[in-house]
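Okay, structure first, notes after.
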Amino acid sequence: MGGIIIKNVFVVDPLKTAEGVKADGTADIFIKDGVFAGTDTADGSEVVIDGSGLKAAPGLIDLHVHLRDPGQTEKEDIITGCKAAAAGGVTQLLAMPNTKPAVDSPETVSYILEKAKDADAKVHVVGAITKGLGGHEATDIDAMYKAGISALSDDGVPVLDTSIMVKAMKKAAELGIPVTAHCEDPYLAGGKVNEGEISESLGVKGMPSAAEDAGTAREIALAESYGLPVHICHVSTATSTAMIRDAKKRGVRVTAETAPHYLMLTENELMKRDADYRMNPPLRTEKDRLAMIEALKDGTIDAIATDHAPHTPKEKSDFVNAPNGSIGMETSFAAAYTVLVKGGIMSEEELIRKMSSEPAAILGTYGGGFAKGEPADMMLYREEEWTVDPEKLHGKSKNTPFKNLTLGAKVKLTIFGGRIVFNDL
């Protein structure tokens with residue numbers, strides 16, 4: 001069986017697993033039979049790609065994706081979602097359970113995994129903690145684990161019954177899978193945008209930072225009191241980052257993610273009265289945006305994930321009544337690179353770590369490097385300015401908050417399991 005050779009490419013490898021890297025950082029990357037093959041394995045049957053002027057990085061791992069399948073495939077499905085992932089350099093993703101029906105049974109888990117066999121990225125399935133994400137009746141976690149779940153969450157909503165949350169955290173620790181927590185106090189939540197001057201100016205009910213902060217405090221308290229791990233989803237407030245930072249200093253087993261839109265955009269975008277800028281948690285203040293950047297820089301926030309949430313143009317046409325959520329996989333690396341690398345906040349290697357090797361460690365999956373014998377998941381990219389045109393994106397829905405923005409890096413080719421799944425060379 002033939003393979004792929006990428007010649008003379010600059011390697012960005014957080015785990016330092018790539019073989020044959022020269023003093024100038026370049027190497028030839030060999031892929032054979034779907035895995036990284038180390039060096040000196042060419043037999044003349046390979047596809048040869050000239051990597052000059054390009055950089056190679058491990059495939060990105062997105063810890064927070066809504067594929068809408070089953071039940072809402074007019075927005076996205078497993079196949080189209082993974083095409084969008086491939087176009088953004090994402091080769092593994094964690095699919096959240098708020099589908100219709102919710103992922104609360106082994107049958108739904110099996111449906112997703114079966115359909116994902118033909119997709120352009122590896123789909124890890126999140127099992128719901130409560131039936132129908134209702135917050136009060138526990139699911140059969142063991143049955144879903146046997147069917148193949150990789151994590152637990154009620155994402156989209158918080159787990160209302162704290163005792164069920166604790167039991168899920170204990171069971172997840174026993175099984176060796178993460179619990180990813182949507183942190184929100186439902187009695188404070190319910191607004192449409194961040195509560196403050198912008199919400200008042202718009203005349204729209206606001207969602208206070210305290211709603212997220214109270215939820216974050218609860219999950220940290222549970223993790224600390226019981227000595228259990230928890231992963232905090234889509235962090236957006238300065239107070240939540242401060243609590244996570246303090247918890248980590250005390251040795252609490254907490255990890256966290258934020259999303260590119262919280263790094264680049266603020267609530268000021270809402271003055272356009274465009275629902276593509278509405279998500280949950282909402283875009284916050286400039287103070288919060290800077291806090292996300294600082295928390296990534298100092299390690300408080302471990303990973304960058306997208307919370308990719310597709311909706312149809314019709315749904316998003318009503319600013320006030322539209323559902324929350326924005327798409328993000330195809331723009332995640334480019335947006336994060338623009339803010340963090342071009343902004344001088346962190347190196348390319350540090351950014352790739354936040355989007356590949358750290359998510360791999362949190363999820364307990366392979367990836368994040370170029371180790372010989374591991375599945376050949378990687379991307380080629382270069383620093384290149386491009387303007388986001390929603391109509392040219394690869395998923396079904398176009399609700400991107402980055403539309404018409406010029407970003408500073410571009411994914412040019414993605415390889416998943418030794419197969420080229422996106423090519424813009």
**Request:** Inspect the contact between Lys131 and Asp104 and indicate whether a charged nitrogen and a carboxylate oxygen are less than 4.0 angstrom apart.
**Result:** no

**Request:** Identify the two heavy atoms, one from Tyr111 and one from Asp69, that lie closest to each other, and give their separation to 0.1 Å.
**Result:** OH-OD1, 2.6 Å

**Item:** Under 3.5 Å: donor-acceptor pair, side chain of Thr241, backbone of Met292
**Value:** no

**Request:** Output yes when Lys83 and Glu330 qualify as a salt bridge under the 4.0 Å nitrogen-oxygen rule, no when they do not.
**Result:** no

**Prompt:** If only atom types and distance count, is the side chain of Arg278 paired as donor or acceptor with the main-chain N or O of Ala322 below 3.5 Å?
**Reply:** yes

**Prompt:** Got a donor-acceptor contact below 3.5 angstrom from the Glu46 side chain to the Asp43 backbone?
**Reply:** yes

**Message:** Donor-acceptor check, side chain of Thr258 to backbone of Val235, threshold 3.5 angstrom: yes or no?
**Reply:** yes

**Prompt:** Is the number of heavy atoms from other residues, nucleotides or ligands within 6.0 Å of NZ (Lys22) greater than 12?
**Reply:** yes

**Message:** Would you say NZ of Lys410 has more than 12 non-hydrogen atoms from neighbouring residues, nucleotides or ligands within 6.0 angstrom?
**Reply:** yes

**Asked** Around Lys167, counting heavy atoms of other residues, nucleotides and ligands shown, do more than 12 lie under 6.0 Å from its NZ?
**Response** no

**Item:** Working for side-chain hydrogen bond (donor to acceptor under 3.5 Å, both in side chains), residues Thr312 and Glu315
**Value:** CA-CA 5 Å; Thr312 65; Glu315 287 176 307; 3.3 Å; yes

**Request:** Using modelled atom types only, decide if a donor and an acceptor are shared between the side chain of Asp213 and the backbone of Thr239 within a distance under 3.5 Å.
**Result:** no

**Prompt:** Do the side chain of Asp318 and the main chain of Asn321 share a donor and acceptor less than 3.5 angstrom apart?
**Reply:** yes

**Exercise: identify the closest heavy-atom pair between Ala223 and Val230** = CB-CG1, 3.8 Å

**Prompt:** Just wondering, are more than 12 heavy atoms of other shown residues or ligands nearer than 6.0 Å to CD in Glu385?
**Reply:** no

**Asked** Under 3.5 Å, side chain of Asp120 to main-chain N/O of Gly81, donor-acceptor pair present?
**Response** no

**Request:** Check whether the ring centres of Phe30 and Phe36 lie less than 6.0 Å apart, and answer yes or no.
**Result:** no

**Short side-chain to backbone donor-acceptor contact, Lys248 and Thr300, under 3.5 Å** = yes

**Message:** Taking the ring of Tyr277 and the ring of His261, is the distance between their centroids below 6.0 Å?
**Reply:** no

**Request:** For the pair Arg68 (side chain) and Pro310 (backbone), establish whether a donor and an acceptor sit closer than 3.5 Å, ignoring hydrogens and angles.
**Result:** yes

**Prompt:** Would you call Glu286 and Arg289 a salt bridge, using N to O less than 4.0 angstrom?
**Reply:** yes

**Prompt:** Using 4.0 Å as the upper bound for N to carboxylate O, is an ion pair formed by Glu74 and Lys396?
**Reply:** no

**Item:** Presence of salt bridge, Arg284 and Glu212, under 4.0 angstrom
**Value:** yes

**Item:** Electrostatic pair Lys171:Glu174 at N-O distance under 4.0 angstrom
**Value:** yes

**Message:** His182 vs Asp154, test: side-chain hydrogen bond (donor to acceptor under 3.5 Å, both in side chains). Steps then yes/no.
**Reply:** CA-CA 7 Å; His182 176 109; Asp154 266 9; over 6 Å; no

**Request:** Could you tell me whether the side chain of Thr306 and the main chain of His64 form a donor-acceptor pair under 3.5 Å?
**Result:** yes

**Lys398 with Asp389: basic N within carboxylate O range, under 4.0 Å** = no

**Request:** Answer with yes or no whether the side chains of His231 and Thr180 bring together a donor and an acceptor at under 3.5 Å.
**Result:** no

**Prompt:** Under the criterion side-chain contact (heavy atoms from CB on, under 4.5 Å), which of Thr26, Ile49, Leu380, Asp50 is the partner of Val9?
**Reply:** Leu380

**Request:** Under the side-chain hydrogen bond (donor to acceptor under 3.5 Å, both in side chains) rule, what do Asp288 and Thr237 come out as? Steps first, then yes or no, please.
**Result:** CA-CA 5 Å; Asp288 294 305; Thr237 76; 5.2 Å; no

**Item:** Salt-bridge present (Asp274, Lys316; N to O < 4.0 Å)
**Value:** no

